[in-house]
Number of protein chains: 2
Amino acid sequence: MSSRDSIPRPTVRRLSLYLREAESLLQAGHRTVSSSGLATSLAVTDAQVRRDLGHLGQKGRAGIGYRLAPLITRLRRALAVDRSRNVLIVGAGRIGRALMAYPRFDQRGFRIVAVVDADTSLVGRAIDGHVVQSVDQIETIVVDGDIEIGIVAVPEADARAVAQRLAACGISGLLNFAPCRLNVDVPVIDVDLSSSLEELAWAMAEPG
Amino acid sequence: MSSRDSIPRPTVRRLSLYLREAESLLQAGHRTVSSSGLATSLAVTDAQVRRDLGHLGQKGRAGIGYRLAPLITRLRRALAVDRSRNVLIVGAGRIGRALMAYPRFDQRGFRIVAVVDADTSLVGRAIDGHVVQSVDQIETIVVDGDIEIGIVAVPEADARAVAQRLAACGISGLLNFAPCRLNVDVPVIDVDLSSSLEELAWAMAEPG
DNA sequence: TAGTGTGAAGTCTTTCACAGCA
DNA sequence: TGCTGTGAAAGACTTCACACTA
């Protein structure tokens with residue numbers, strides 16, 4: 001299981017959790033962590049953790065576990081969060097505003113460098129230190145601002161059009177909060193709050 | 001494949017998408033939909049759709065497809081969203097406020113009936129028609145208000161304590177926005193925005 | 001003909017279980 | 001002894017492919 005294989009998506013999602021936990025342990029003064037240590041914090045099995053970390057090329061040490069510092073480095077590299085990226089938020093409504101102020105984005109190297117909205121009464125106003133620009137300027141902002149990631153936080157009706165425009169001017173990826181598929185040819189991660197609640201409703205109704 | 005089997009979780013997530021699409025098609029005046037129709041809208045295979053709908057006990061008709069009205073009914077039942085549920089939002093910060101105003105929750109039968117916060121300067125204030133109550137009252141609110149779902153939208157440091165309290169007074173499920181595991185014995189769905197961005201960063205870096 | 005339902009096959013992911021190392 | 005790394009087995013999920021049907 002070398003680091004050259006493509007990492008399965010379920011593993012990727014867990015790597016993100018391992019990274020968070022590893023950073024927190026390092027902060028707390030630990031130097032190493034064992035697979036079972038990570039496993040119990042995160043409600044997975046120890047074998048799963050070892051298998052997952054095997055994808056990184058990270059070697060643990062028998063009897064000791066994994067050294068946190070190199071583990072964190074490798075996790076960051078595997079998740080491609082070992083450098084900063086510029087982010088544009090499209091939509092300065094409530095979701096957009098919540099994201100602007102989300103401190104973890106910055107900590108993780110996701111730099112919100114621009115915010116746009118279609119509402120002309122918002123344009124020019126500063127919200128959380130970000131001056132809202134017009135949605136008409138998307139193309140200029142993306143190109144000149146070296147934006148790699150777009151966050152789509154507009155109403156469903158506008159989402160696809162916005163996504164098309166972002167894709168057309170060369171954005172590399174989208175985080176989508178609108179409850180619909182964006183049919184564009186760049187990677188998209190959907191954050192669908194209604195779906196999450198429905199999944200919860202289902203889980204609540206499930207026996208066990 | 002009868003409706004008595006437990007539905008796999010990946011299927012559950014897709015059922016939510018099928019429901020959204022089916023409702024939208026019905027709205028648009030359609031009466032039926034084929035597996036390939038759903039499949040192309042949602043970027044899955046037609047065989048996958050048929051397999052998934054097989055879990056519902058829903059029968060399609062060869063040459064025609066699935067009738068939308070009964071399909072929607074069955075999807076709602078399978079997802080356990082065929083009735084309303086009362087929801088409490090804990091945390092009237094930016095994420096909490098974004099959720100209060102999210103119209104889809106109400107449309108889907110998730111009724112936000114109370115909002116609490118630890119910040120006494122917010123208590124008593126009305127935000128989006130919801131008067132913020134004190135977090136001290138959680139227990140009373142959950143029990144008297146017949147709350148089934150709690151939305152945890154508080155800082156990480158407070159999240160576990162809040163979750164414990166909610167679980168202790170008999171809540172049935174939690175939607176968690178804090179970037180940590182809530183170790184409670186009720187179903188939890190995590191919405192982790194940083195993780196989503198990390199997954200996106202990975203997908204952007206992936207070849208293909 | 002257009003489309004379902006589903007065994008069987010295939011693929012992907014997780015878990016087991018244990019040799020081996022510090 | 002405590003813990004890793006990993007073949008092999010098991011399990012979960014998806015796709016194929018085709019008989020069948022309105």
Side-chain angles (χ1 to χ4, degrees), chain A residues 1-18 21-22 25 30-68 70-71 74-75 78 199 202-203 206 208, chain B residues 1-18 21-22 25 30-68 70-71 74-75 78 199 202-203 206 208:
Chain A
M1 190 69 57
S2 97
S3 57
R4 305 189 79 79
D5 301 314
S6 172
I7 302 175
R9 207 169 263 259
T11 296
V12 171
R13 288 196 260 260
R14 285 189 300 269
L15 292 183
S16 179
L17 304 182
Y18 302 154
E21 187 69 15
L25 288 169
H30 296 256
R31 306 300 301 269
T32 63
V33 66
S34 67
S35 57
S36 55
L38 277 177
T40 47
S41 314
L42 300 173
V44 295
T45 67
D46 56 342
Q48 179 87 82
V49 172
R50 291 196 298 277
R51 193 64 89 186
D52 288 343
L53 297 186
H55 288 285
L56 306 182
Q58 170 72 9
K59 294 289 169 188
R61 294 210 293 171
I64 303 292
Y66 302 85
R67 289 200 299 136
L68 283 169
L71 177 60
R74 292 207 182 236
L75 283 167
E199 190 185 341
W202 174 83
E206 248 340 64
Chain B
M1 189 70 55
S2 98
S3 57
R4 307 190 76 80
D5 302 314
S6 173
I7 302 174
R9 207 168 263 258
T11 296
V12 171
R13 288 196 261 258
R14 286 190 299 270
L15 293 183
S16 180
L17 304 182
Y18 301 155
E21 187 69 16
L25 288 169
H30 296 255
R31 306 299 303 270
T32 63
V33 66
S34 67
S35 57
S36 54
L38 276 178
T40 46
S41 315
L42 300 173
V44 295
T45 66
D46 56 342
Q48 180 85 82
V49 173
R50 291 196 296 278
R51 193 61 90 188
D52 288 343
L53 297 186
H55 287 285
L56 305 182
Q58 171 72 10
K59 293 290 168 188
R61 294 209 292 172
I64 303 292
Y66 301 85
R67 290 199 300 135
L68 285 168
L71 177 60
R74 290 207 183 237
L75 282 166
E199 189 184 342
W202 173 84
E206 255 329 73

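Axis angle between the ends of the helix from dT1(C)-dA22(D) to dA22(C)-dT1(D), five pairs each and rounded to 10 degrees, works out to 20°.
When side chains are defined from C-beta on, Leu68(A) counts as touching His30(A), because their heavy atoms get closer than 4.5 Å. The closest side-chain heavy-atom distance from Tyr66(A) to Arg74(A) is not below 4.5 Å. At least one side-chain heavy atom of Pro8(A) sits under 4.5 Å from a side-chain heavy atom of Thr11(A).
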Item checked: Residue pair Arg50(A), Ser35(A): steps toward the side chain to side chain donor-acceptor pair (under 3.5 Å) verdict -> CA-CA 6 Å; Arg50(A) 291 196 298 277; Ser35(A) 57; 3.1 Å; yes

Notebook entry, point to check: Can Trp202(A) and Ile7(B) be said to form a side chain to side chain contact (heavy atoms under 4.5 Å, CB included), step by step?
Noted result: CA-CA 10 Å; Trp202(A) 174 83; Ile7(B) 302 174; 4.3 Å; yes

Checklist line | Under 4.0 Å protein heavy-atom contact, by nucleotide of nucleotides 14-22 of chain D - B base, S sugar-phosphate only | finding: SB-B---BB

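At dG5(D), one or more side-chain N or O atoms of Tyr66(A) fall inside 4.0 Å of OP1 or OP2 (strictly under the cut-off). Neither OP1 nor OP2 of dC3(D) sits under 4.0 Å from any side-chain N or O of Ser35(A).
Whole-Å rounding puts the Asp46(A) CG to dC3(D) C1' distance at 9 Å. In this entry the distance linking CG of Leu53(B) with C1' of dG3(C) reads 13 Å, nearest Å. Counting to the nearest Å, the P atom of dT6(D) and the NE2 atom of His55(A) are 11 Å from each other. In this entry the distance linking CG of Leu38(A) with C1' of dG2(D) reads 16 Å, nearest Å.
Among all heavy-atom pairs drawn from Leu56(B) and Ala78(B), the shortest one is CD2-CB, 3.4 Å. Nearest heavy atoms, Ala203(B) versus Arg9(A): CB-NH2, 3.8 Å.
In this structure, the separation between CD on Glu199(A) and CG on Leu15(B) is 11.0 Å, given to the nearest 0.5 Å.
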